[in-house]
Undergrad: 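Pasting a structure below so you can have a look.
Naming: A, B, ... by sequence-line order, numbering from 1 per chain. What you are looking at is a predicted structure, and each value in this text was computed from that prediction instead of being measured.
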Amino acid sequence: MKELVRELVRKSLEQAYAKGELASGQFPAVVVETPAHAEHGDFASNVAMQLAKLEKKSPRVVAEILVQHLAAADTFDKVEIAGPGFINFYLKGALWRQALGEIDRVGAEYGKSRIGNGEKVQVEFVSANPTGPLHIGHGRGAAIGDSLCRLLDATGWDVSREFYYNDAGQQIANLARSVQARCLGIEPDDPSWPADGYQGEYIKDLARCYLAGETADAGDQHVTAARDAHDLEAIRHFAVAYLRREQDQDLEAFDVRFDVYYLESSLYADGRVAEVVKRLMDNGHTYEQDGALWLRTTAFGDDKDRVMRKADGSYTYFVPDIAYHLTKWERGFIRVINEQGADHHSTITRVRAGLQALDLGIPQGWPEYVLHQMVTVMRGGEEVKISKRAGSYVTLRDLIDEVGRDATRFFFVMRKPDSQLVFDIDLAKQQTLDNPVYYVQYAHARICSIFENAREKGLVPANLASVPLDRLETTEEMLLIKALASFPEVVEGSALNFEPHRITNYLQELAGLFHSFYNKNRVVTEEPALTAARLFLLKCVAQTVRNGLAMLGIAAPERM
RNA sequence: GCGCCUGUAGCUCAGUUGGAUAGAGCAACGGACUUCUAAUCCGUAGGUCAGAGGUUCGAAUCCUCUCUGGCGCGCCA
C-alpha cells in the first residue's frame, strides 16, 4: 500500500520534471510514512520539503506542483497539502478493504516475503557452556535467537540454527574437578574444595548419577558413568554429556531447536585449531613474549594484543573461536549472526580481528552480532540475585515450569535486545489483563468463540466473492483493516533490524484494536450481509494474530 | 581510566530510521455486562524526552561535551 503511494509520487516527480516545472532533475529517495495522527491522512510524504532547497521554491509551492501531476483519482479520496509542506494522502476505503482478500487468500503465508532471496544465513545462539543448567540469560538468548530465525525464515532467508558447545578448556576442567570433589564427599567450604569449583546443587546430583553408573544421552554422545571417583577424565566425559542432556531437555521444553551442534573439542580433534595458529604465524601477525604466543590484534582495531597460546602450552578460548568462525565462512555462510549476552561483547573485536589476520578476504564487519543486555529477575517485588558459583539462580526450566512457555517467550522478546530486561515473575504468572501475552492470546480465543457462536447459528464463513466488504465502514473496522495491512511491513522491519519486539508491540496494538471493535460492534447480527463482512474481517484478524505469534514461537489458543 | 549499552509520565516501556500536537500498559480516579468470553472496553489525570551546546525548514531521534545506571576490560569462556 505504502509502495503504491511511493510509486505514484515518483511518477508525479517525473511528470513535473518532464514539463519543466521542476528544474533540478535530482529526486531524493521518496519517503512515505504513516503519520502519527489520523487527521494527517493514511500516508504522508515530505518530498516537497526535501526538494524545496534544490528547487529554490517554498515547500508548499513544490507540493502544489506535485499534487497537480498526481494521476491517481481512483486511488485517493483526498490529497492535501498541510503544515510546512507535507502531502497527505487519504486512500479510498475500497483499496484498504482489498487487503483483506489478500490475507484470506494467502492465509498462514500472510506477512511473509521474499526479501531474503533464499540466501543462506546462519544464526548462532544460546551456545551455553556445558557447565550448568541454562539460566535466565540463556533464556533471553534462546527466545530472541529463535524468534530471529523465525523472522528471517519468514522474510525469505535460508536459515541454519547453530549451537556451539564450549566442551573444552579450563572451565570444563573445573567442572570435572568439582564433580570429583562431590564424589569424594568434599563440601564447598572444605579447604580441599577446588579453586573456582562449581558449587551448585546440580553438581551433587551429577556426582550421584556418576557414582550410580547412569548413562547420559545427548546428541550423538552416549556416556555411561565409570563410577570411579579417581578417573578425572571419565568424570569429565560423563559430566559434559549429562549437562548437555539437561540443556537439550530445557531447550526442547522451550520449543527451541537447532540444526547444528558444533563441538569446540572437535576443532582440536580435527586439527583446525593448529591450522589456524599456523596460518596466523605464517601471516606474521604473531609474536612471542613472556613464554606465550600473542596475536597482534591491535593491528585490527583491538585495544590490546591477545594471548593465543599460554605459557603452559594450551590455547586461550579465542583461538578455537577463530577456528570455529572460519568453519562458518568455509561452510558458505555469507551472513552469520551471533546472538549473545552483552557481557561477552569484548569477543566481537577479537574474533573479527582474528579472522582479518587470516588474510582470507573475510569482510571486516563479519560476522554480525545481536547482543542482549542483562536480565534482572523480580519476585515478590525483590530482585533475585544470580550467582552461578554459589549455585543460587533462576534457571530457564524454573521459569517455564512456573510461568509457562508462551509467557516466558513473550516476556523475553518484548523489549528490544539493547535494553536491560526486568523479568517480573509475578506479572508473567498473572492470568489477567496486566499480562500482555494473555491480552493477545485472548483476542484470538475470543474470535474463535465468536466463530463458534456463528456456527451454532448455521453461519459459515463465506467466500470472498460473496462477502460485501463495503459494509465494513465503522472507525473501528477501518482501523483494524489498516493495522492488518501494515503487518508485512512490520515483519520486514523486525527482521531487517533484528528486533523481534516489534512483533510483540504490533500484536498488542492489533489485539487492542480488536477488543475495542468487539465492545462497540456486534458481529453476529440480524443482517446477513453485515454479519458475513464482519466474520470475514475477524477471520483475517485471527489469521494475522496467529501468524505473528508463530513468528515468536507462541501458541494461539482457540479457547482460554 | 578505556570500550559497549542505557536514560522518555509515579512504575514498566513504545516511538515507523530526522517530521506535524511525544504514545501504550500498569498504578490513581470516574464510568460500561438481560447482548458473540468483563481475561474486555470507554473516559479523566499524568512530560523541561537526564543536562548543555551544535547541525537544519524541522531533533526524543544525528554530532560534541557533562552526568546517571548496567556490562566488559584475564596467559577464564
Undergrad: Base, sugar-phosphate, or nothing for A/Arg309, non-hydrogen atoms under 4.0 angstrom?
TA: nothing

Undergrad: So A/Ala52, base contact, sugar-phosphate only, or nothing? Heavy-atom distance under 4.0 Å.
TA: nothing

Undergrad: Describe the nucleic acid contact of A/Arg350 in one word from base, sugar-phosphate, nothing, applying a heavy-atom distance below 4.0 Å.
TA: base

Undergrad: Counting only heavy atoms and a strict 4.0 angstrom limit, can you tell me which residues of residues 523-530 of chain A come near RNA chain B?
TA: A/Val523, A/Val524

Undergrad: Under the side-chain contact (heavy atoms from CB on, under 4.5 Å) test, which residues partner A/Gln171, sequence neighbours left out?
TA: A/Asn129, A/Thr131, A/Asn166, A/Tyr198

Undergrad: May I ask you to check whether A/Tyr439 and A/His515 place their ring centres under 6.0 Å from each other?
TA: yes

Undergrad: Under 4.0 Å, counting only non-hydrogen atoms across every strand here, what does A/Asp305 touch: a base, just sugar-phosphate, or nothing?
TA: nothing

Undergrad: At 4.0 Å (heavy atoms only), tell me whether A/Ala292 reaches a base, stays on the sugar-phosphate, or touches nothing.
TA: base

Undergrad: Is it the case that A/Arg446 places NZ or CZ above or below the six-membered ring of A/Tyr518, under 6.0 angstrom from the centre and within 45 degrees of the axis?
TA: yes

Undergrad: List for me each residue that meets ring pair (Phe, Tyr, Trp, His ring centres under 6.0 Å) alongside A/Phe163, sequence neighbours excluded, and say none if there are none.
TA: A/Tyr165, A/Phe258, A/Tyr261

Undergrad: With sequence neighbours left out, write down each residue that passes ring pair (Phe, Tyr, Trp, His ring centres under 6.0 Å) with A/Phe43, or none if nothing qualifies.
TA: A/Trp96

Undergrad: Rounded to the nearest 0.5 Å, what's the gap from OG1 on A/Thr504 to CD1 on A/Ile554? Could you check?
TA: 8.5 Å

Undergrad: If you look at every strand shown and take non-hydrogen atoms under 4.0 Å, does A/Lys457 touch a base, only sugar-phosphate, or nothing?
TA: nothing

Undergrad: Pick one for B/C11: is it syn, with its angle within 90° of 0, or anti?
TA: anti

Undergrad: Is a salt bridge present between A/Arg471 and A/Glu527, judged by a nitrogen-to-oxygen distance below 4.0 Å?
TA: yes

Undergrad: For B/C29 and B/A20, measure between their P atoms and round to the nearest Å.
TA: 34 Å

Undergrad: Given pairs defined as Watson-Crick or G-U wobble with both distances under 3.5 Å, what dot-bracket annotation applies to RNA chain B, with ( ) intrastrand, [ ] crossing, | other strand and . unpaired?
TA: (((((.(..((((.....[...)))).(((((.......))))).....(((((..]....)))))).)))))....

Undergrad: Answer with base, sugar-phosphate or nothing: what part of the nucleic acid does A/Glu39 contact at a heavy-atom distance below 4.0 Å?
TA: base

Undergrad: Closer than 4.0 Å, any side-chain N/O of A/Lys310 to the OP1 or OP2 of B/C76?
TA: yes

Undergrad: Say we look at B/G47 and B/C13: how far apart would their C1' atoms be, to the nearest angstrom?
TA: 15 Å

Undergrad: Which comes earlier along RNA chain B counting from the 5' end, the contact point of A/Gln508 or that of A/Ala82, where each point is its nearest nucleotide?
TA: A/Ala82

Undergrad: Is there a donor N/O on one and an acceptor N/O on the other, under 3.5 Å, for the side chain of A/His501 and the base of B/A14?
TA: no

Undergrad: Of all residues at least two apart in sequence or in a different chain, which pass the ring pair (Phe, Tyr, Trp, His ring centres under 6.0 Å) check with A/Tyr268?
TA: none

Undergrad: Touch check for A/Ala44, heavy atoms < 4.0 angstrom, all strands: base, sugar-phosphate only, or nothing?
TA: base

Undergrad: Taking protein heavy atoms under 4.0 Å as touching, what does nucleotides 54-62 of chain B look like 5' to 3' if B marks base contact, S marks sugar-phosphate-only contact and - marks none?
TA: --SS-----

Undergrad: Select base, sugar-phosphate, or nothing to describe what A/Arg306 touches, counting heavy atoms under 4.0 Å on all strands.
TA: nothing

Undergrad: Can you pull out every salt bridge (charged side-chain N to carboxylate O under 4.0 Å, His left out) where at least one residue sits in residues 28-46 of chain A? Sequence neighbours excluded, please.
TA: A/Asp42-A/Lys482

Undergrad: Using the C1' atom in both, what is the distance from B/U55 to B/U61, to the nearest Å?
TA: 13 Å

Undergrad: Between B/G19 and B/A59, how far apart are the C1' atoms? Round to whole Å, please.
TA: 9 Å

Undergrad: Distance check: side-chain N/O of A/Tyr315 vs OP1/OP2 of B/C76, anything under 4.0 Å?
TA: no

Undergrad: Can you check nucleotides 3-8 of chain B for protein contacts, nitrogen or oxygen pairs under 3.5 Å, and list what you find?
TA:
unit_1	atom_1	unit_2	atom_2	d
B/G3	N2	A/His345	NE2	3.1
B/C5	O2'	A/Gln373	NE2	3.1
B/C5	O2'	A/Asp418	O	2.6

Undergrad: If you measure from the Lys or Arg side-chain nitrogens to the Asp or Glu carboxylate oxygens, is any gap between A/Lys328 and A/Glu162 under 4.0 Å?
TA: no

Undergrad: Base, sugar-phosphate alone, or nothing: which one does A/Ala443 contact when heavy atoms must sit under 4.0 Å apart?
TA: nothing

Undergrad: Which part of the nucleic acid does A/Thr316 contact within heavy-atom distance under 4.0 Å: base, sugar-phosphate only, or nothing?
TA: sugar-phosphate

Undergrad: Provide the full list of salt bridge (charged side-chain N to carboxylate O under 4.0 Å, His left out) pairs with a residue in residues 498-520 of chain A, sequence neighbours left out, each pair given once.
TA: A/Glu476-A/Lys520, A/Glu499-A/Arg502

Undergrad: How would you list, by chain and number, every residue that makes a salt bridge (charged side-chain N to carboxylate O under 4.0 Å, His left out) with A/Arg405, sequence neighbours excluded?
TA: A/Asp255

Undergrad: Checking A/Arg60 now: which residues fulfil side-chain hydrogen bond (donor to acceptor under 3.5 Å, both in side chains) with it, not counting sequence neighbours?
TA: none

Undergrad: Would you measure the distance from the C1' atom in B/C41 across to the matching atom in B/G25 and give it in whole Å?
TA: 14 Å

Undergrad: Looking at the rings of A/His372 and A/Phe412, which for Trp means the six-membered one, are their centres under 6.0 Å apart?
TA: no

Undergrad: Using only side-chain N and O atoms of A/His515, determine if any of them is under 4.0 Å from OP1 or OP2 of B/A39.
TA: no

Undergrad: Taking only N and O in the side chain of A/Tyr317, is any of them less than 4.0 Å away from OP1 or OP2 of B/C75?
TA: no

Undergrad: Quantified in whole Å, what is the C1' atom distance between nucleotide B/A45 and nucleotide B/C26?
TA: 15 Å

